[in-house]
Amino acid sequence: MPIPAAPTGFTRYLMKSKMGAGRDFAVLDPQTEKQLFFVDGKIGARPKAEVQAEDGTVLYTVRGQLLGIPKKMSITDASGSEVASLKAKAFSMVKDKMTMEMASGEPWKLTGQFIEKNYTVTSDGRDVVRISQKWVTVRDKYTVDVAEGNDPGLAFAIVWAVDRWVERD
């Protein structure tokens, strides 16, 4: 069964886990499966990943704290400026809500079922990113719908950070 088109006002991507120790993801066009982005997870005491464009240019870097204490992930752009940060309680399972703060101070809310990879990122009450496994059957393969006017690279950085917390920390 083919994956349906994205909802109106969204662009759909397919995010597929690659084999490897660093938790890598290929981001594909859902219709052609052409790779559009790559999320390169790194191995180390600090969680880290780079979101790369199709040509390998680093768009965003996600970094966590040493040994996950406190449980925080910061997202920086290509110039090294912090764009956003996600925080969670250090010794608790990821619940159904999480808050992310943009560098501008604007709060973004993440709500849904993180363990099942079915959640939404909202800003000012409107959906910015929708993550779902509804249309795919493999555990580490899911759709990411990005609202028009939002940076898909940032969306993939958010997805990697949440995925790292759920899968590893």
Side-chain angles (χ1 to χ4, degrees), residues 1-7 10-68 71-80 82-88 93-94 98 100 108 110 112-121 127-147 150-169:
M1 181 172 147
I3 297 171
F10 286 82
T11 301
R12 175 159 289 165
Y13 299 91
L14 189 61
M15 201 160 169
K16 183 178 181 181
S17 178
K18 303 288 278 179
M19 292 301 287
R23 199 76 179 143
D24 299 338
F25 288 90
V27 181
L28 314 169
D29 177 302
Q31 304 307 316
T32 65
E33 296 215 3
K34 176 184 181 220
Q35 184 169 314
L36 305 173
F37 296 87
F38 185 70
V39 183
D40 185 11
K42 308 291 183 180
I43 299 173
R46 291 175 61 137
K48 180 181 176 185
E50 294 176 341
V51 177
Q52 301 171 356
E54 187 175 4
D55 65 2
T57 304
V58 175
L59 305 172
Y60 292 96
T61 301
V62 184
R63 284 190 180 89
Q65 298 297 313
L66 183 64
L67 304 175
K71 201 170 226 183
K72 177 183 176 187
M73 295 270 189
S74 63
I75 302 171
T76 56
D77 63 15
S79 70
E82 187 171 289
V83 197
S85 65
L86 288 97
K87 295 178 185 172
M93 291 295 294
V94 177
M98 199 182 303
M100 181 172 111
W108 284 19
L110 289 76
Q113 300 166 329
F114 299 115
I115 292 172
E116 287 83 19
K117 294 182 177 84
N118 289 301
Y119 58 97
T120 304
V121 181
D127 291 356
V128 177
V129 182
R130 296 176 183 164
I131 295 86
S132 177
Q133 286 189 316
K134 181 177 182 180
W135 307 113
V136 291
T137 58
V138 179
R139 175 100 179 116
D140 290 333
K141 183 176 175 184
Y142 41 98
T143 59
V144 178
D145 295 332
V146 181
N150 290 283
D151 186 345
L154 179 59
F156 308 136
I158 295 166
V159 172
W160 186 88
V162 172
D163 183 82
R164 169 63 195 236
W165 278 341
V166 169
E167 297 293 329
R168 302 277 167 102
D169 295 344

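Starting from 1, each residue takes its place in the sequence as its number.
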(message) Checking E82 now: which residues fulfil salt bridge (Lys or Arg N to Asp or Glu O under 4.0 Å) with it, not counting sequence neighbours?
(response) none
(request) For the residue pair Y119 and M98, establish whether any side-chain heavy-atom pair is separated by less than 4.5 Å. (result) no
(message) Quick check: do L154 and V129 have side-chain heavy atoms less than 4.5 Å from each other?
(response) no
(request) Only counting residues at least two apart or in another chain, list the ones meeting side chain to side chain donor-acceptor pair (under 3.5 Å) with Q31. (result) none
(request) State which residues pass salt bridge (Lys or Arg N to Asp or Glu O under 4.0 Å) with D127; sequence neighbours excluded, sorted by chain then number. (result) R130
(message) Test of understanding: with side chain to side chain donor-acceptor pair (under 3.5 Å), list the residues that count as partners of S79, not counting sequence neighbours.
(response) D77, S81
(request) Indicate yes or no for a side-chain donor-acceptor contact from W160 to the backbone of F25 under 3.5 Å, with no hydrogens or angles considered. (result) no
(message) Please report the interatomic distance NZ(K16) to CG(L28), rounded to the nearest 0.5 Å.
(response) 7.0 Å
(message) Once rounded to the nearest 0.5 Å, what's the spacing between atom NZ of K42 and atom CG of D24?
(response) 8.0 Å
(message) So which atom in A84 and which in M100 form the shortest heavy-atom distance, rounded to 0.1 Å?
(response) CB-CE, 3.8 Å
(request) Provide the closest heavy-atom pair for A26 versus Q35 in the form atom of the first, atom of the second, distance. (result) CB-OE1, 3.6 Å
(request) Using the test ring-ring contact (aromatic ring centres under 6.0 Å, His included), find all partners of F37 that sit at least two apart in sequence or belong to another chain. (result) F156
(request) State the NZ-CG distance between K34 and D29, to the nearest 0.5 angstrom. (result) 8.5 Å
(message) If you define the side chain from C-beta out and look only at heavy atoms, does anything of M15 sit under 4.5 Å from I131?
(response) no
(request) Calculate, to the nearest 0.5 Å, the distance between atoms CG and OH belonging to D151 and Y60 respectively. (result) 3.5 Å
(message) Quick check for you: to the nearest 0.5 Å, what is the distance between K72 atom NZ and K87 atom NZ?
(response) 5.0 Å
(message) Could you measure the distance from the NZ atom of K48 to the OG1 atom of T61? Nearest 0.5 Å is fine.
(response) 6.0 Å
(request) Grab the two heavy atoms, one from Y142 and one from V159, that are nearest each other, plus how far apart they are. (result) OH-CG1, 3.2 Å
(request) Grab the two heavy atoms, one from A6 and one from T11, that are nearest each other, plus how far apart they are. (result) CB-C, 4.1 Å
(message) Please find the pair of heavy atoms, one from A155 and one from V146, that lie closest to each other, and give the distance.
(response) CB-CG2, 3.8 Å
(request) Check whether any side-chain heavy atom of T143 lies under 4.5 Å from a side-chain heavy atom of L14, and answer yes or no. (result) yes
(request) Check whether any side-chain heavy atom of R12 lies under 4.5 Å from a side-chain heavy atom of F10, and answer yes or no. (result) no
(request) Applying salt bridge (Lys or Arg N to Asp or Glu O under 4.0 Å), name anything that partners R63, two or more places apart in sequence or on another chain. (result) none
(request) Indicate the atoms forming the closest heavy-atom contact of V121 with L110, along with that distance. (result) CG2-CG, 3.9 Å
